Every structure is written in C-alpha cells, then in structure tokens.
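Structure first, commentary second.
Letters A, B, ... are given to chains in the order of the sequence lines, protein chains preceding strands, and every chain is numbered from 1. All figures in this text were calculated on a predicted structure; none of them were measured in a lab.
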Amino acid sequence: MPTEVLKPALICMLGAVVGAASMHMVLHSGVVGDSRPPASLTDVDTMPATDLDAPVPSNEAAEAGSPAAGEIDTDATRSESGRPRNGVDAIVNLASDNPRAAMNRALALGAYWLRLDTVERIASVWAAQAPKAALDFLQASHDLDPEAKRKVRARVLFAWAAADPGLALDYLVSRDGQNLFFLDPDTARKFARKIADEQPHEMLAASNPLARGMVRNELRDAAIAALVEQDLTFAVRQAALAAPGNDQREWVTSIAGPYAQAEPENALAWATDVEDAVPGTVNRVARIIHETYPERTEELGLCDTNPRIDPRCR
Amino acid sequence: MTKTLGISLFAGLLAGAAVVWRAESLSPDQATAEFSPIRTSPSAADPMPEQARGSDTRAADNSEQSSGRFQRRVEADDLSLQDLPSVLREWARTDPAGFLDALPTLDLRRMQLQSDSDAPPYLDALRLASEADPRYALALGDRQAGPVGVWIRSTALEALAAEDPDTALQYLAGVEINDTRQRLLAAVAKGFARADLDSAVAWMATLGENDGAAFYPVIDAVAVEDLPRSIDLDMHAIELDYGGLDYGSVSWLEDGLEADRQDPARVADILASIHSTGLLASSLAWWAQSDPYGAIAWIQSQQTISSLAVQRMAERLASRDYGSAMALAPLFSPTVRAVWIKAVLVSAAAYDVEGALDALEPFRAEPLYRDAFLNILDTAETALGPAKAAAMAGTSPTPRIAGRIASDWSKIAPRDAANWALSIEDESVRFAALRTVIVIWAGRDAGAAESWALGISDGELRSSMLQYVCGRAGTCRPKF
C-alpha cells in the first residue's frame, strides 16, 4: 500500500484513539455532568499486568481506565472473538509470581463483588503455593469485611484440602485451625470433610489426642463418615474395638445406615450384637432395611424387631 | 500532504470523541427511566437500549456465541454441582449481559434442588453480573417473575445503591409494600452502607414502620467500623421494635468484634451499662474464645453479672475443652461458680456423657448437683438410651426428662416404661408420663396395655388410663 494512503489512515486512527481518550477524560472530569455508565467488568482492562513494583492504582483510576494505566498490550486483553476479555484476569495472572502484590491490587478494585471475586481467584492460586501465608494475609487485612473474609478463607482452605490434604490436616489440628470451628463452623466442617475424603485414617488418628469437645467430635465425624463410605468392613471392626461410650456410639450410629443398605442380613445381626452398647440400633437398622428393601420385610424378620414397621406386620 | 494529515487527525479526533460521547452521555433521567417500576416494564417489543447493555451490535453477536458456549457447559450432564458456581461466575465475569439474559432460561430448579444452601448456586455470578450493569439487571429483574426475578432485582438494587443510592431509593419508593419489598430494602441498605456509611445511617434514622429490613444491613456495616456506634443503633432498632425480628441477629456484634478494631472490655462495659444481657452474653462468649482470662478478669471486676453471660461463656469454652473450662471454676465467686460448673458440664455432655457425669460426681453434696445432673440427663437421654436414663433419673425426674424417657422407652419396652412411670413420685409428672406410655402402647397392642392398666391400684389413675386405652383403640363405650 502506498505511504501516501497509509499515513493519513494511521493518523486518522491515532486521532480516533486520542479523541476517545480526551472525551473520556472530559466526561470523567465532571465537566459534562456525572453520567458515566455503571462500572463494568471491562473497566479494569488496562490495569498494568507486569509492573509489580508500580504503585497500586486508586479505585478511581482503575475504574475509569485512566490513561496512566494504559501500558498494557491491549491485544492481550481481547479474546479470540474480539470482545474485551475480563480485565481482572491480568491481576489474577500476577498471583502465580507475586500473590501478595496481586492481592493488594485486587483489594484496590472499587466494585465490591468484582473485588471479592478477584480476591477469591487470587486466593485459590496462592493457596496452591503457600496456603498458610494466604490465610495470614487475610487475617491481617482490614480491606475486607468479616463476611468477605470468611468467603475468601473458605476458598483458600478448600483449595488447600484438594492440593495437600496432609498439610491441611496439620493446620486443622493446630490452634488456628481449631479456632475455625468456633469462628466459622460451617467452613471448618466442610474443610474437614474434604480432608477426610482423602485421608480418613490420618484424620481419625489426629483426632485422638485432642480434648473431648467440638473439634474432636467434628474430626471424628468426618473421618468416620469417610471410612464408612470407603471401607465398611474396617469401620465395623473399628466399632467393635472402640471405647464404650461416646466413641463407640459415634461409630455405630455412622455405620448403621450404610451397613443396613449394603448388607441387610449382616447388619441386622450386627445391630443385635451392639444393641446393649448403643440402644436403638436394631430399630434404626430395621427401619433403614425396610425403606431400602420393603419386599424383604417378612423374610428378614423385621416385624419381630418392630411390629409397626409395616402394616403387614399386624 | 500536511493538510490531508491534519484533516485525518481532526476526523479521527471527532470520531473517537463521538463514540465515547455516545457510550457515556446517558443522562440521569434517561438512565432512571429504564428501570422505574412505575413505567411499563420492558418487553420483547421494547428492547433494552444498546447503551444500557453497554455493548455494540458486534459485541452482542459475540455475547450470543459466548452465552451459547457457557450455556452448554452449564447444562452439560457431567458438570458437578460443586463446579457449577465457578462456571457461572466465569460466565458472569466474561459476559455479564449474556449471563443475565440467559439466567431465567437455565434449569434453576434443578440447581436449587441439588444445592445444600438456601442461597441459589448462581448468586455469586448474579452479583457480579448485576454489579457490571445494575440498571440493565434491574430492568431484567422487573420482567422476570418468581424467585429468580427477586434475586435479580435485589442484587441489582444492592449494586445500584452502592453507586447511586438516590436512584435506588427512588426505585424502591415505587415498590408495593410486601415481603419482596423487605428483601429489596435490605439490598438497598447494604449497597447504600457500602457507598456512604454516614449517609446510610442518617437515612436509617428517617425510616418508618415498614422499613425494618433496612436496619441490620446498616448496623452490620457500622459494627465493622465502630462497634459502640452500632450498639446505639441496635438500641434504636429495638426501641422501634425491630430488634427481635428476623431482619438481623447478633452476627453484627461478632463481625464487629472480629474486625479486630475493638476493645472487647470497652464493648462489654458499654453493654453492661445499658443492661443489654443478650448482647453482653454474646460478646463475652466471643471474647472468651480468643482470650478466656481477659474475659474472666472482666467478670470478676463486676459487682453483678447476669447468669446468661456466665453460662454462654462457659458453654463456649467447654465446647473446646471442658476439662480446662472446669479448671477455671475456682476463679469465681460461689454463685457464679455454680452457674459455671453446671453450664460447662451440660455442654460437655454433648461430647462425652459419661465424662460429664464423672466430672459432676465430686459436687454431689452441693446444691448445684441435682439441677446439673438432670440437665445432663436431658442432653444425654438419646445417647444413653431410655432404660439407662430412667435408671439414672430414678423416681424424681423433671417433667421434660420423664416425657422423653416415657415416649422413647414405650416404643421399645412399654411394660418396663409403664412400671417406671408409675414409680415417679410427683403426681402430675407421674400422670403425664404414664399417659404417654399408655397411649403409645395401646396404639400398638391395646390388649396388653389394658391388661397392665387394670393392675393399677389407684382407682382414679386406673380409670383414667383405661379411658386412654379405649380412646386410643377406638373401643370406648359411648356415654349417654
């Protein structure tokens, strides 16, 4: 293409860009009313992606897409379809190199839910590298309200449980980890369940030295539930070996349902054996067998255990 | 050539400015006109203006492609419910308008049914999308009936209130007073408090009898910044009779304490000075969690302390380690100590019945013993089984324990249960327990129940029980 044609075209394009930027600045300077459209997810497209030492942009700059923030390669922020890609991806991408810097930038975002979403995404990345550091950062941060902190903390913990259940378990039985059960019991319970799914034996062992209380109970519940699901035979054996009282009741109560569904005859015989130690087990097992195999009510002698279990028993 | 270049530059400047002007020059009136509830809701024949969607035609085409792609992922059979929220969030992040458009068409019922939470699994995604363009979301929510419409409107209003509270309030003024309005009002309050806390507090002071839902979102936000101020506001809410409603709970107090900017002793002093027993109990329970000796020292410094506060604190510590909690008992005065021991051991029974009963044994000679014992038994009845619980309760159970044992035992061994109930010393407790046993027994085996009842020596009691047997069995002779 001849230079005479290219030059005006290029200059025209340059003019368009400058014109657009100028008008943007005029509109946002307050000269022409305060009518900017609501913040959108593309507002932060121009956040610097690589300059980790650059000062954290202010909310206004980030939201307005200020010219100072226009250092990023705009091509990199466009998807294949040409639509501007989510600009916060650039911040999230920083997390693998410098999660703390990424987190600080995310916390400077103005839009509340976008900020929280971005913080959660960074937290997931950080959790895969150094989950304890991520938790400590969150704990010390005053830029998130307690509800948001709980949400992000849950994200870190669940990512940790998935990536390294062994270390996650160590954390859970530490003082900080135990505190979770009192500060955010719902998250702590889910965290424990996730770890238990991977390491039920280890969790059971880790619960033993703990003082009898909520934390020990929660860990045992999670471990026993996972063991019953993964290895019913082992669980039945453990129930027989458990100390009489709460520990044995815990095993028996957890085993009754799955055992009744999987092996009704054996479960009934087992329930009869443990009835003295854990009253009500026979009735519970019979009820579950009846729900699962109603056609076998008479064959298994369920009417003898409870005549009201089925109208046909009368 | 220079002239040509100059014209090109000028034309470019004009074109660029025009594009931005078009996108950003929507006046407040135009903007609000798009979602006013008074106005006829947008319909298919009245499509949303492009600027409200924040996208041009090309972007709309891309949005359709992207929405289709996400919709297929969301509806794929192999997508687990666990992964669903993150896919929805990615969608809302990538293409907020497309997500909002598609949301009502998704199989929301299936998602909700499979969710173990009250909040729908799309909520976080919806918040993101609504925040990207609250006006568009609000207009969409107005068109959408049912729960999903309310979720869209509430997330949109929260986001709108965070950026333009006046407009959000203007919208709210047109909403009919009903339960939905309460949810929308709470959403506006949440967004408003996020935008400008002082103005939100000032607004709260002007609210009337139908606006209770706005109080606790504002109080919660204040608590994180200034807990004593939020206590004042809570008192105001209680004066207006909103304190006991479902709009809020003491979670704001714990959030405020957790925000780590408050001195728990100062907070406790304030709560004690205004005699706010419930809040004081909650704050001490929270304090005891992180600093038990600090909280105990504060209690010891008080002339009087409510038993509820002592009890809540003891329960909290006992749920972690009741042995350590029991070791703290000698630090208290005799009256407080009795409340403390009872609360610790009743709480411990939930984790270790036998251990709690053993720990109570040294106090057998003390007045606290019997009350604590019966409370432990009440907690432990299910774990111990009714026969053991009855043996432990003896002949003087509380009405509550007697009722539970009678009900549970009569289903397993009605004759034993009836004999025990008949042995209860207190006449009214005996009558109630026996009635429970007889009614359940007669429902299963009326003949056996009648035969047993005929053996009751007390004629009046026998007659009453026989009446229950025939009433339950449907064999009573009509009275003329």
So do R249(A) and V353(B) actually touch side chain to side chain, heavy atoms under 4.5 Å?
-> yes
Rounded to the nearest 0.5 Å, how far apart are NZ of K190(B) and CD of E147(A)?
-> 4.5 Å
If every non-hydrogen atom of W113(A) is compared with every non-hydrogen atom of E158(B), which pair is closest and at what distance?
-> NE1-OE2, 3.1 Å
Can the positive tip of R194(B) be found less than 6.0 Å from the middle of the six-membered ring of Y112(A), inside 45° of the ring normal?
-> yes
N246(A) and Y351(B): which non-hydrogen atoms are nearest, and at how many Å?
-> ND2-O, 2.6 Å
Relative to chain A, which segment of R127(B) carries a heavy atom at a distance below 4.5 Å: side chain, backbone, both, or neither?
-> both
Please determine which of R155(A), K151(A), R121(A) meets the salt bridge (charged side-chain N to carboxylate O under 4.0 Å, His left out) test together with D124(B).
-> K151(A)
Where E131(B) and L114(A) come nearest, the two heavy atoms and their spacing | OE1-N, 2.7 Å
The reported gap from CG in L183(A) to CD in E254(B) (rounded to nearest 0.5 angstrom) is 8.5 Å
Of the backbone (N, CA, C, O) and the side chain (C-beta and beyond), which part of R150(A) lies under 4.5 Å from a heavy atom of chain B, both, or neither?
-> side chain
Quick one: which residues of residues 318-325 of chain B reach chain A at under 4.5 angstrom, heavy atoms only?
-> S319(B), R320(B), D321(B), Y322(B)
Part of A159(B) lying under 4.5 Å from any heavy atom of chain A = neither
Contacting moiety of D247(A), where chain B heavy atoms sit under 4.5 Å | neither
